[in-house]
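Please read the structure below before turning to the comments.
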Amino acid sequence: MGHKFGFYKINAPLEGVLQRTLNFWRDNRGSIVEKQESENKLFYLLRIKRDISAMSYGETYLMNIGYNSQEAMTYVSVEVNLQFGYGMQWLKPQGIMKKWAIEMGCTPMKLIRNQDPNFLNIFRTIKQMDWMKTDQAPTTYCPHCGQPNDKTSNFCKKCGSKLVD
């Protein structure tokens with residue numbers, strides 16, 4: 001058993017990162033077992049479980065996703081817990097997080113054993129921000145590429161995918 005951590009900085013709006021993350025887990029056999037939203041709507045906590053299979057020993061992913069409106073940047077931290085095992089069993093969660101990072105358009109990182117105190121401080125700041133001061137306009141985000149689109153659009157202006165209501 002064990003815990004490892006990953007930290008990501010994504011130059012994209014919160015709603016786009018959140019929607020693409022939810023789609024990613026749906027497509028990669030992850031079950032969202034918990035989803036919490038902060039009062040200011042700038043921070044989400046997701047708990048994702050993957051069951052034991054031929055390729056996985058079973059993992060739990062705890063993702064913190066927060067948007068810093070002053071920087072126009074979305075921050076993500078992930079804590080991965082194995083149901084059992086160590087050593088080689090970390091290859092699957094490492095590969096999953098690499099695939100997620102590539103889909104989000106950020107640099108993949110190797111999962112590490114320690115939390116980053118800077119990220120913990122960033123999330124504390126985000127949770128205290130006033131949501132009214134954010135620069136995010138009411139839009140809809142493409143579930144495929146995360147591009148912001150006008151709510152009245154039926155198709156993404158970047159990739160042409162059908163937008164979900």
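Computed over heavy atoms, backbone and side chain alike; hydrogens, waters and symmetry mates excluded. Position 1 is the first residue of the sequence, and the numbers go up from there.
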Scanning both residues in full, the closest heavy-atom pair of Phe5 with Asn114 reads CD1-C, 3.6 Å
Value for CD1 (Ile65) from CZ (Phe43), rounded to nearest 0.5 Å, stands at 8.5 Å
Tyr67 and Pro13 have their tightest heavy-atom pair at CE1-CA, 4.1 Å
Phe155 meets the side-chain contact (heavy atoms from CB on, under 4.5 Å) criterion, sequence neighbours left out, with Lys162
Practice problem: Show your working on side chain to side chain contact (heavy atoms under 4.5 Å, CB included) between Cys156 and Leu163 and close with a plain yes or no. | Solution: CA-CA 6 Å; Cys156 177; Leu163 298 173; 4.1 Å; yes
| said: Is the shortest side-chain heavy-atom distance between Val78 and Met97 below 4.5 Å? | reply: yes
In Tyr44, Trp100, Tyr8, the residue satisfying side chain to side chain contact (heavy atoms under 4.5 Å, CB included) with Met63 is Trp100
* To do: Answer yes or no: is there a donor N or O on one side and an acceptor on the other, between the side chain of Glu103 and the main chain of Thr21, under 3.5 Å?
  => no
To the nearest 0.5 Å, atom CD of Glu15 lies from atom CG of Leu18 at 8.0 Å
Using the rule that two of Ile, Leu, Val, Met, Phe, Trp, Tyr join whenever any of their side-chain heavy atoms come within less than 4.5 Å, decide whether Leu82 and Ile112 are in one cluster.
-> yes
Legend entry - Minimum side-chain heavy-atom gap Glu34-Leu46 below 4.5 Å: no
Output for pair (Asp27 CG, Arg20 CZ), nearest 0.5 Å, gives 13.0 Å
Correct closest heavy-atom pair for Cys142 and Ser161 would be SG-CB, 4.0 Å
The reported gap from CD in Gln36 to CG in Asn64 (rounded to nearest 0.5 angstrom) is 9.5 Å
Next on the checklist: Just so I know, are the side chains of Lys9 and Cys106 near enough to count as touching, which here means a heavy-atom distance under 4.5 Å?
Outcome noted: no
query = Under the 3.5 angstrom rule, does the side chain of Asn40 hit a backbone N or O of Met129 as a donor-acceptor pair?
reply = yes
Sorted by chain and number, sequence neighbours left out, ring-ring contact (aromatic ring centres under 6.0 Å, His included) with Phe119 holds for Phe7, Tyr75
Exercise for the section: Using atom types as modelled and distance alone, determine if a side-chain donor or acceptor of Asn68 lies under 3.5 Å from a backbone N or O of Thr74. Expected result: no
- Any luck finding a side-chain donor-acceptor pair between Asn23 and Arg26 under 3.5 Å? yes
What's the verdict on side chain to side chain contact (heavy atoms under 4.5 Å, CB included) for Val80 and Leu62, showing C-alpha distance, side-chain angles and the deciding distance?
CA-CA 6 Å; Val80 182; Leu62 182 64; over 6 Å; no
To the nearest 0.5 Å, atom NZ of Lys127 lies from atom OG of Ser38 at 8.0 Å
Rounded to the nearest 0.5 angstrom, the CZ-CD1 distance for Arg29 and Ile48 is 15.0 Å
ask   = Under 3.5 Å, side chain of Glu79 to main-chain N/O of Tyr61, donor-acceptor pair present?
value = no
- request: Look at the side chain of Arg50 and the backbone N and O of Asn28, then say whether any donor-acceptor pair between them is shorter than 3.5 Å.
  value: yes
Report task. Answer whether the closest heavy-atom distance between the side chains of Trp25 and Ile96 falls below 4.5 Å. Result -> yes
**OP:** Decide if atom CG of Asn11 counts as having more than 12 heavy atoms of other residues, nucleotides or ligands within a radius under 6.0 Å.
**Re:** no
Next item on the list: Test side chain to side chain donor-acceptor pair (under 3.5 Å) on Lys49 and Thr60 and set out the steps.
Entry: CA-CA 5 Å; Lys49 292 198 70 89; Thr60 301; 3.2 Å; yes
Correct closest heavy-atom pair for Gln115 and Leu120 would be OE1-CD1, 3.4 Å
Note: Pro108 and Lys98 closest approach over all heavy atoms is CB-CG, 3.8 Å
